[in-house]
Colleague: 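Questions regarding the structure given below will be posed in turn.
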Amino acid sequence: MGIPTVTISSSEFVGLAKDTAVGQGAADLGFVIVPHPMGMIPIEEIRKKADLVFPEILRMATEWKPEAKLPPMKPVYPAGRMKLKGTVEEINQIFFEKGLSLGLPILPPTPERVADMLKGTSRKPDDLLGMVPPRMGALTVELVSIHAAMAGCKPEYMPVLIAALEALLDPRANWRGLTTTTATSSVLVIVNGPVIYEIGLASRQGAAGLGHHANASIGYAINLIADIVGGSKPPSPDKSLLGGPGDFVCWIFGENQLALPPGWEPYHVDRGFKKTDSVVTVMGVYPPVDNIDHWSVTPEEHIRWWTNLITPMLSIGGPCWISQMDQPHIVALGPEHAQLLSGAGWTKDIFRKAFWEEGRIPFSAWPKGCPNVDLLVKKFGPVKADTPIPMTLRPEELHIVIAGGAGKHSHFFAPFPGCFPVSKIIRK
Amino acid sequence: MKQIWMRWILSITVIVICLFILFPHVSSVSVTKETKQEWEILNPEGVIKIEAMKINPHPSTLEGKTVMLRWNGKHNGDKFLQRVEELLKERVKGVKVIKSWEVAPETVDPITGNQERSQEFAKAIAKFKPDLVIGAQSD
């Protein structure tokens, strides 16, 4: 748009800011660095920080000229080759030291292994799926195969992996935010349709946990690609404050379609696909909250468990960042909880509406520092202290998936800001 | 005495043989070593593909110019920029300051990376035709 800018960043985040600028095509921008932190300090301190850097703001505004240039671009295909000597253990060590692995073991991606992997897809190896943020590494089908080989995937997993990556590369998935945030966020992958049974992807007891080769290796390959092709390495540009296991292997499970209550459609049908389609849905999420309800015998009692565990604050929506309130949330209902609802005649819609209405909390319960009350008024009309504020703008933003096996648990995945679920048909 | 020693040696031999039978992997690990080999390996890093953005020159002075202050919603960013506004008005003759959160509240959003929203915000800010945007971000 051609408008000059001066970007003020705290010292802890300037690396991320600069990497982001490069990823957008600006090799250089006028930055002013303020000693960290800026948030959660008294107003007097933040004003002193402004006084401290104001001369630099003026200088950057009127004297800044670009110095750095983008690196020369190389062909995206074929992938480069390396000659190495050593044991498998030593190759792993070399990969780790070069930043080509996450710290977990990998299988060396030899040309033979990669060629085998390519047999699992009809896509050409030079097909460009997109650029993986924040580094904007060009992701070809060949490069996907390299990472699938490293993660120990089987060739038949390739269509699921490719579809998941294409979904993540959709701007609505906000992969950039997910891999650079301070939050303990992760990719969530939900798989539906016949492919679950064709490749043996786990969809029942412990589906998202250990012991399932397809889930584990596809989830590992996705994170290898995010970290290595996308370059989201800690401490910058991956700014995870703590991080978590989801940084190694992302959440991935098939919907337990065999446990769907009578009349309840599978998740991909809710999203407009045919029952016979194989579909992958990805979304950036926070770690889930476990609803451990062993006791309810009616839907009304069960709803109370949900609404006492899951408040709108979990979704960071509401008057703090109201723009997040249009983001879907994933309610991964355990089969037994779903049966309780269905047995009493509840449909997905009835459950959604009850959860949404009962889960609202009064405006007075929100932190005082939250901005954007004006926007809240635009969305809900006049707001008083006792005005009930829901977690999403509409009940429809609660997306219901049947997940896991026997037991009395369900899980709630709040979305990471700016992340929307993206679904893709899995094609061989 | 000799018989007792013979019995001891026999017992120990039997125990060792049994251990080798019961835990063959332990014995193999302890006596074999993985050999080094030459590897040809495909590089998993991939190459960067970025389209260069045109960067416009900055104004040589802010006097008489319009400056937009852009806050993304993170805590204290607005307080910081309010102080910047005070200092600009004190020290720069004829500068006009616009605060994004007052004229375009929909742009107050931590966005955290969403490209589509970022572009919408940039367009909303551009409508005010500022000569310079000063943005405060991060925690």
Side-chain angles (χ1 to χ4, degrees), chain A residues 1-10 13 24-26 37-40 43 46-47 50 54 61-62 64 66 70 74 76 79-87 91 100 108-111 114 131 135-138 143 146-147 171 174 176-177 180-181 228-229 321 323 371-372 374-375 417-418, chain B residues 34-62 67 73-80 83-84 87 91-92 101 105-106 108-117 122-123 125-126 130-139:
Chain A
M1 295 180 186
I3 305 168
T5 60
V6 173
T7 303
I8 294 148
S9 176
S10 84
F13 288 86
Q24 298 300 299
M38 290 177 76
M40 298 183 81
I43 189 168
I46 196 70
R47 286 174 67 84
F54 185 72
T62 57
W64 179 84
L70 289 174
K74 298 176 185 169
V76 301
R81 295 190 178 211
M82 303 184 282
K83 298 271 189 189
L84 299 172
K85 188 177 180 183
T87 62
I91 297 298
L100 301 177
T110 60
V114 173
M131 269 59 80
R135 175 174 166 261
M136 304 309 275
L143 201 51
I146 293 170
H147 286 273
N174 191 20
R176 173 188 297 280
T180 55
T181 176
I228 295 161
V229 184
W321 287 332
S323 60
N372 259 342
D374 291 345
L375 279 183
Chain B
E34 191 186 355
T35 53
K36 290 177 189 287
Q37 58 174 305
E38 300 278 353
W39 297 87
E40 185 179 27
I41 288 174
L42 275 74
N43 190 332
E45 195 169 26
V47 300
I48 297 171
K49 189 172 164 63
I50 300 169
E51 283 184 27
M53 179 193 287
K54 183 176 175 288
I55 308 285
N56 281 9
H58 281 214
S60 57
T61 175
L62 294 183
V67 175
K74 291 249 173 157
H75 188 231
N76 273 342
D78 55 341
K79 311 288 188 305
F80 182 96
R83 180 59 183 153
V84 170
L87 293 168
R91 300 183 194 183
V92 181
W101 60 99
E106 71 276 14
V108 181
D109 188 312
I111 44 175
T112 55
N114 188 300
Q115 295 276 71
E116 286 182 340
R117 280 189 172 165
K123 282 178 191 167
I125 286 169
D131 297 296
L132 180 88
V133 175
I134 299 175
Q137 56 153 17
S138 73
D139 298 359

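Convention: sequence-line order gives letters A, B, ...; per-chain numbering from 1.
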Colleague: Can you tell which of A/Arg81, A/Arg135, A/Gln24, A/His147 has the highest number of heavy-atom pairs within less than 4.5 Å of chain B?
Modeller: A/Arg135
Colleague: Taking atom CG of A/Leu84 and atom NZ of B/Lys36, what is their separation to the nearest 0.5 Å?
Modeller: 11.5 Å
Colleague: Measuring heavy-atom distances to chain B, does A/Ile8 have an atom under 4.5 Å in its side chain, in its backbone, in both, or in neither?
Modeller: both
Colleague: Check whether B/Pro57 gets within reach of chain A through its side chain, its backbone, both or neither, counting any heavy atom under 4.5 Å.
Modeller: backbone
Colleague: With only heavy atoms counted, which part of B/Glu38 is less than 4.5 Å from chain A, the side chain, the backbone, both or neither?
Modeller: both
Colleague: Does the B/Trp39 side chain pair with the main chain of A/Thr110, one donor and one acceptor, at a distance under 3.5 Å?
Modeller: no
Colleague: Under 4.5 Å, counting heavy-atom pairs only, tell me which of B/Ala136, B/Ala122, B/Pro59 racks up the most with chain A.
Modeller: B/Pro59
Colleague: Which bit of A/Ile46 is near chain B, if near means a heavy-atom gap under 4.5 Å: side chain, backbone, both or neither?
Modeller: both
Colleague: Heavy-atom cut-off 4.5 Å, strictly under: side chain, backbone, both or neither for A/Leu70 against chain B?
Modeller: side chain
Colleague: Give the member of A/Pro4, A/Ala26, A/Ala79, A/Gly80 that has the highest number of heavy-atom pairs under 4.5 Å with chain B.
Modeller: A/Pro4
Colleague: Heavy-atom cut-off 4.5 Å, strictly under: side chain, backbone, both or neither for A/Val114 against chain B?
Modeller: side chain
Colleague: Report the option among B/Ile125, B/Asn56, B/Thr35 that has the most heavy-atom pairs separated by less than 4.5 Å from atoms of chain A.
Modeller: B/Asn56
Colleague: Counting only heavy atoms closer than 4.5 Å, note whether A/Met131 contacts chain B via side chain, backbone, both or neither.
Modeller: side chain
Colleague: How far apart are the closest heavy atoms of A/Ala61 and B/Leu62, and which atoms are they?
Modeller: CB-CD1, 4.0 Å
Colleague: Looking at chain A, which one of B/Arg83, B/Met53, B/Lys123 has the largest number of heavy-atom pairs inside 4.5 Å, strictly under?
Modeller: B/Arg83
Colleague: Measure B/Asp131 against the heavy atoms of chain A and call it side chain, backbone, both or neither at under 4.5 Å.
Modeller: backbone
Colleague: How many angstroms lie between CG in B/Leu132 and CD1 in A/Ile3, if you round to the nearest 0.5 Å?
Modeller: 9.5 Å
Colleague: What's the spacing between B/Asn76 CG and A/Met38 CE if we round to 0.5 Å?
Modeller: 7.5 Å
Colleague: So, taking the atom named NZ in A/Lys83 and the one named CD in B/Glu40, what distance separates them when rounded to the nearest 0.5 Å?
Modeller: 4.0 Å
Colleague: Among A/Val229, A/Thr62, A/Ile228, which residue forms the greatest number of heavy-atom pairs with chain B at distances under 4.5 Å?
Modeller: A/Thr62
Colleague: At what distance, to the nearest 0.5 angstrom, does CD1 of B/Ile41 lie from CD1 of A/Ile146?
Modeller: 11.0 Å
Colleague: If I measure from the heavy atoms of chain A, does B/Val67 come under 4.5 Å with its side chain, its backbone, both, or neither?
Modeller: neither
Colleague: Which bit of A/Leu143 is near chain B, if near means a heavy-atom gap under 4.5 Å: side chain, backbone, both or neither?
Modeller: side chain
Colleague: Select one option (side chain, backbone, both, neither) describing which atoms of B/Ile55 are under 4.5 Å from chain A's heavy atoms.
Modeller: side chain
Colleague: May I ask you to test the A/Met40-B/His75 pair for a side-chain heavy-atom distance under 4.5 Å?
Modeller: yes
Colleague: Provide the closest heavy-atom pair for A/Phe54 versus B/Val84 in the form atom of the first, atom of the second, distance.
Modeller: CE1-O, 3.9 Å
Colleague: Pick whichever of A/Ile91, A/Thr7, A/Val76 has the most heavy-atom pairs under 4.5 Å with chain B.
Modeller: A/Ile91
Colleague: To the nearest 0.5 Å, how far apart are CE in A/Met136 and NZ in B/Lys49?
Modeller: 10.5 Å
